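Computed from a predicted structure; not experimentally measured. Chain letters run A, B, ... following the sequence lines, proteins first, then strands; residues in each count from 1.
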Amino acid sequence: MADMKPYKPSDIEAKWQQTWDETKLYRAVDDDSRQKYYYLVEFPYPSGDGLHVGHVRSYTALDIMARHKRMQGFNVLYPMGFDAFGLPTENYAIKHKIAPQLATSKNVANFERQLKALGLSFDWYRAVNTTDPEYYRWTQWIFLRLLEKGLAYQDEIAINWCPFEKTGLANEEVVNGRHERCGTVVEKKLLKQWMLKITAYADRLIEDLKTVDYSDRIASQQVNWVGRSEGAEIDFTVDGEKITVYTTRPDTLPGATFLVLAPEHKAVAKITTKEQQAKVEEYVTATQSETEVGRQEADRPKTGVWTGAYAKNPLTDEKMPVWIADYVLAGYGTGAIMAVPAHDDRDEAFAKEFDLPIKVVLEDDVVMMAGDFKGMNSSEAKVAITKKLEADGIGRKAVNYKLRDWIFSRQHYWGEPIPVVHCAKDGVVPVPDDQLPVTLPKVEFYEPTETGESPLAAIADWVNTTCPKCGGPAKRETDTMPNWAGSSWYFLRYIDPHNNKVFADPEKLKYWLQVDLYNGGMEHTTLHLLYSRFWYKFLYDEGLVPTSEPYAKRRSHGMILGPDGRKMSKSIGNVINPDSVVERYGADALRLYEMFMGPFEDQTAWSDERLNGVSRFLYRVWMLAQDLIANDRQSEVVAGDAGEFALSVDRQTHKTLKKVHHDIESMHFNTMVSALMEYINFLTSAKTRSELVKPENADLARRTVRSLVLMLAPSVPHMAEELWHQLGEAGSVHVAGWPKYDPELVKDDLVEIIVQVNGKLRANLVLPVDATNDELTEAAQADEHVAKYLAKGEVVKTIVVPRKLVNFVVK
RNA sequence: GCGGAUGUGGUGGAAUGGUAGACACGCUAGCCUUAGGAGCUAGUGGGGGAAACCCCGUGAAGGUUCAAGUCCUUUCAUCCGCACCA
């Protein structure tokens, strides 16, 4: 064909991106006349490295879902923004001596360019940036609400301190005793810190998972992280000093032969005898100088020292020596345990090391001793012993969590200032709401200070202010918030991004929430996801948001590994840059390839060969479409082409429509692409294609290519839009109606029936779909090949599954 | 140790308890062409056979069932998260 247009992604992609932008095609409307869908992807940190192919996987998947819903007439919100506070930018600013504000805007511009080049249907009008004072004004506002309710508080605690970045860290940022970002061995440092009481929500953060649809691995990681356990507290008296232990196994109390306290336990100094004092002090000093890394070494031999004191087992009246050892953690439970060496591996190792008694109390889960409790099973004994302790006033049921309160202070410049002032007279005074935002001052140096104070502390005219309460001199808080602050509520701001009266209009919140689907990386499961659920629940308790959970559904895309199967990293040099893929193959090919790679939630390695295969597929689609469009243009439309051939093509079309529709809804993007490929294979087979280009099939060609373009639109938006216009359509394919499959056309007249003898396949028959069981059996028996096997014995049973199979059981 | 996920060709993977290997990559042979990251045709789990066809085959071992990749039990391996959390 002389006028056939070649497929050149670079010719069409930028063109349509610009048109979509100009026509505001993807703006979400705040009306409630249509059903809404809110699709959310984690907004990126705009690093200097630019977009990662992992971002593309997440954003494309939900883009496909958003486009699919939009085509079905729903009101779709699919927003994007930037989580731009954080240390990499601050470090970049220090190194290059430019303001973090400038570095951020440069990186944001680059990310925007990259995202737009992918043809993602974000509503850019709603874009947010956490470093924008008009945004962090509300981050500060929420902090003040937490402060009002006592959920933000200051505490002098031994925090995780990164000596390289000179900042405090949350527990969540410490991995194996090292700072997860820079790998520096974390030290302990006593500092006054702002804390958020996430532990007040521990139970609800677990319980309410029942009301939402999270992938198993996400939900279980959250449950583990909160780490709820049930047991009992038991009070022991040592030299008049009360020592309370926590145990999940009160049933083993008869087997408790000694107590162990953490070296940091407050009672240690009081109960230590004179004879043991020197040894105890030496041990305490030694454990304090140990780093977290040292304390966490695997298979570390148990160490400890006896305090010289004794407690008494309330059930057996036996004397229990009281030891201190660093295998007992000060920060968990009560910082003290009753040791049951017979039923706990750690206690056993300790008992063996120091030659302490080991007393077995349970065998086969049944209590073997201790009078009243003898013969009970473990769970009965737990209840009974706890009750007895309660009656005696020396114990009670108790619950513990691994979750710690969230350390909310950072000693850095590039974060939201914590909006309080310190007044000599009034103490901590919140900055009044109408004076928000407390903005970051412009400074020349961003380096953290050696003392552990934020660089803000050095800016006298910013720090020195007046007390909002008494008008006297006061100093501003110089700590800033962690980078997790802004991202804890950004999805609320998208709903009403330009509101300067409230963080978002309650009516709009009511309309758009919950987020219908939230996708993001697994690495954010225990940090961001938990934090944002906490903030949201707090806002719910304040009556500021309409539902108890923010996200109805959470999924996590699998990581894309480098072509070598290893995690992509700059130092290995196996990073794939989306820009170069777009340049070479086009955004549509990149998008479709990332969907075709494998199951969405599984990790998988990058492959240039397979990307190329997807690109080839798109060329074939294009060429076929050109043929069909040409036929449609050149031919008079002939009415009534409902022959056998047309029916077979329509059937294939509608089967594919059905498959594509359901695969998008269930996020089976890889099989959606397969279905499209099968469809194209069918249409381009020599026989089908030669018929489709005949003038008498012009009408069929037209409706086929229309359906094809529509079903491709969510996945390859640029090519679909271009073809749509070649078809003579004026509007955008992305707001054209999604083609519903016809259930009648999805059904077949004839179906393949498999015939088995003793479960083994012996024949394939093509029979009418409505054949009765008897007819199926008859046809199966009549098959020559089957008959041979039937003759070998006696048919004792015949199983018929309509439209599927006949199985003869022959003996 | 605890929790979660996953084991299917040379590779990525597909299969409401009902034809294992769809779709794709790679490979082989042939064709075509202004030689390309192009297109077309055929083949491609293992074994046997000229063929028809037969046997074997979803980490391993049992079991349930007319029928198991799929359900149950045991077990092994890999990956992820947490980890001296009492």
- Given B:C82, B:C55, B:A67, the nucleotide with the shortest approach to the side chain of A:R762: B:C55

- Name the nucleic acid region contacted by A:K760, choosing base, sugar-phosphate or nothing; use a 4.0 angstrom heavy-atom cut-off, strictly under. sugar-phosphate

- Task: Find the partner of B:U41: check Watson-Crick (N1-N3 plus N6-O4 or O6-N4) and G-U wobble (N1-O2, O6-N3) distances, both under 3.5 Å, and reply none if neither fits.
- Result: B:A29

- Message: Nearest whole Å is fine: how far is B:G39 P from A:F617 CZ?
- Response: 13 Å

- Item | A:E42-A:H528 side chain donor-acceptor pair, cut-off 3.5 Å | no

- Provide the distance between the two P atoms, one in B:C76 and one in B:G21, to the nearest whole Å. 32 Å

- Task: Scan A:E752 against the nucleic acid and name what it touches under 4.0 Å (heavy atoms): base, sugar-phosphate only, or nothing.
- Result: base

Are any protein N/O atoms closer than 3.5 Å to N/O atoms in nucleotides 4-7 of chain B? If there are, list each pair with its distance.
residue	atom	partner	partner atom	Å
B:G4	O4'	A:S220	OG	3.4
B:A5	OP1	A:D216	OD2	3.2

- Message: So, OP1 or OP2 of B:A86: does either fall under 4.0 Å of a side-chain N or O from A:Y327?
- Response: no

- Task: Could you check which nucleotide pairs with B:A35 in any of the strands shown, counting Watson-Crick or G-U wobble with both distances under 3.5 Å?
- Result: none

- Tell which nucleotide pairs with B:A86, taking only Watson-Crick or G-U wobble pairs whose two distances are both under 3.5 angstrom. none

- How close do A:G255 and A:V361 get, heavy atom to heavy atom, and via which atoms? N-CG1, 3.4 Å

- Message: Counting the atoms with a prime plus P, OP1 and OP2 as sugar-phosphate, which does A:Y789 contact under 4.0 Å by heavy atoms, base, sugar-phosphate, or nothing?
- Response: sugar-phosphate

- Query: If you look at every heavy atom in A:P599 and A:N670, which pair is closest and at what distance?
  - Reply: N-ND2, 3.6 Å

- Message: Let's test this: given Watson-Crick or G-U wobble pairing with both distances under 3.5 Å, identify the partner of B:A24.
- Response: B:U11

- Item | P-based separation of B:A52 from B:G48 [nearest Å] | 16 Å

- Taking atom P in both B:G59 and B:G7, what distance in whole Å separates the two? 8 Å

- Message: My understanding is that only one of A:V322, A:I337, A:V245 makes a side chain to side chain contact (heavy atoms under 4.5 Å, CB included) with A:L261; could you say which?
- Response: A:V322

- A:Y679 side chain N/O closer than 4.0 Å to the phosphate oxygens (OP1, OP2) of B:A22? no

- Item | Base partner of B:U58, which must satisfy Watson-Crick or wobble distances under 3.5 Å | none

- Message: Suppose you measure atom P in B:A60 against the same atom in B:G3; what distance do you get, rounded to whole Å?
- Response: 26 Å

- Query: How does protein contact run along nucleotides 44-50 of chain B, one letter per nucleotide 5' to 3', with B for base contact, S for sugar-phosphate only, - for none, heavy atoms under 4.0 Å?
  - Reply: -------

- Item | Pairing partner of B:A50 (Watson-Crick or G-U wobble, both distances under 3.5 Å) | none

- Note on the structure: For A:T656 and A:Y679, the nearest pair of non-hydrogen atoms, with its separation, is OG1-CD1, 3.4 Å

- Task: Drop me the distance from A:R620's CZ to A:S615's OG, to the nearest 0.5 angstrom.
- Result: 12.0 Å

- Give the nucleotide from the list B:A86, B:A14, B:U19 with an atom nearest to the side chain of A:P599. B:A14

- Message: One thing to verify: whether A:R217 and A:E601 come together as a salt bridge, which I'm taking to mean a side-chain N less than 4.0 angstrom from a carboxylate O.
- Response: yes

- Item | A:E665, CD atom: more than 12 neighbouring heavy atoms under 6.0 Å | yes

- Message: Quick check: on RNA chain B, is the nucleotide nearest A:M522 upstream (toward 5') of the one nearest A:D347, or the reverse? Name the residue that is more 5'.
- Response: A:M522

- Query: Using the C1' atom in both, what is the distance from B:G57 to B:G46, to the nearest Å?
  - Reply: 7 Å

- Please state how far atom NZ in A:K8 lies from atom C1' in B:G36, giving the value in whole angstrom units. 15 Å

- Message: Closest approach to the side chain of A:K402, judged atom by atom: which nucleotide of B:G18, B:C84, B:C82 is it?
- Response: B:C82

- Message: Using a heavy-atom cut-off of 4.0 Å across all strands, would you classify A:F596 as base, sugar-phosphate, or nothing?
- Response: base

- Task: Pick base, sugar-phosphate or nothing for A:N670, based on heavy-atom distances below 4.0 Å to the nucleic acid.
- Result: sugar-phosphate

- Query: NA contact type, A:N681, heavy-atom cut-off 4.0 Å: base, sugar-phosphate, or nothing?
  - Reply: sugar-phosphate

- Using the C1' atom as the reference point in each nucleotide, state the distance between B:U41 and B:C32 in Å, no decimals. 11 Å

- Message: Counting the benzene-type ring for Trp, do A:W323 and A:F350 have ring centres under 6.0 Å apart?
- Response: yes

- Query: Expressed as a whole number of Å, how far does the C1' atom of B:U58 sit from that of B:G9?
  - Reply: 10 Å

- Message: Please classify the nucleic acid contact of A:T525 as base, sugar-phosphate, or nothing, using heavy-atom distances under 4.0 Å.
- Response: nothing

- Message: With a cut-off of less than 4.0 Å, is there a side-chain N or O of A:H785 near OP1 or OP2 of B:C54?
- Response: yes

- Query: Given the side-chain rings of A:F596 and A:F617, with only the six-membered ring counted for Trp, is the space between their centroids under 6.0 Å?
  - Reply: no

- Item | Watson-Crick or G-U wobble partner of B:U78, both distances under 3.5 Å | B:A5

- Item | Pairwise distance CE(A:M338) to OG1(A:T252) - rounded to 0.5 angstrom | 3.5 Å

- Item | Separation of B:U11 C1' from A:M597 CE (nearest whole Å) | 13 Å

- Message: Checking contacts here: which listed nucleotide (B:G18, B:A14, B:G13) is nearest the side-chain heavy atoms of A:L805?
- Response: B:G18

- Would you mind classifying the nucleic acid contact of A:Q221 as base, sugar-phosphate or nothing, using non-hydrogen atoms under 4.0 angstrom? sugar-phosphate

- Query: For A:Y327, is the NZ or CZ atom of A:K302 found under 6.0 angstrom from the centre of its six-membered ring and inside 45 degrees of the ring axis?
  - Reply: yes

- Item | Between B:G36 and B:A22 - P atom distance, rounded Å | 32 Å

- Please report the shortest heavy-atom distance between A:E264 and A:A330, naming the atom on each side. OE1-CB, 3.7 Å

- Message: Base, sugar-phosphate or nothing for A:V801? Non-hydrogen atoms, less than 4.0 Å.
- Response: base

- Report yes or no: do A:E233 and A:T334 form a side-chain donor-acceptor pair below 3.5 Å? no

- Task: Check the distance between B:C82's C1' and A:Y401's OH and give it to me in whole angstrom.
- Result: 18 Å

- Query: Where each residue is assigned the nucleotide of RNA chain B containing its nearest heavy atom, which of A:Q603 and A:R620 is assigned the position nearer the 5′ end?
  - Reply: A:Q603

- Let me know the distance between CD1 of A:I680 and C1' of B:A22, rounded to the nearest Å. 17 Å

- Message: Less than 4.0 angstrom between a side-chain N/O of A:K804 and OP1 or OP2 of B:G18, yes or no?
- Response: no

- Task: Please state how far atom CD in A:E784 lies from atom P in B:A52, giving the value in whole angstrom units.
- Result: 16 Å

- Message: Just checking A:Y593 against A:W606, ring centres under 6.0 Å apart?
- Response: yes

- B:C56 P sits how many Å from A:L761 CG, rounded? 13 Å

- Check: A:D405/A:T199 side-chain N/O donor and acceptor closer than 3.5 Å: yes

Please write out the pairs of protein N or O atoms and N or O atoms of nucleotides 25-34 of chain B separated by less than 3.5 Å, giving the distance to one decimal.
residue	atom	partner	partner atom	Å
B:C25	OP1	A:R616	NH2	2.4
B:G26	OP2	A:R616	NH2	3.4

- Task: Could you check which nucleotide pairs with B:C66 in any of the strands shown, counting Watson-Crick or G-U wobble with both distances under 3.5 Å?
- Result: B:G18

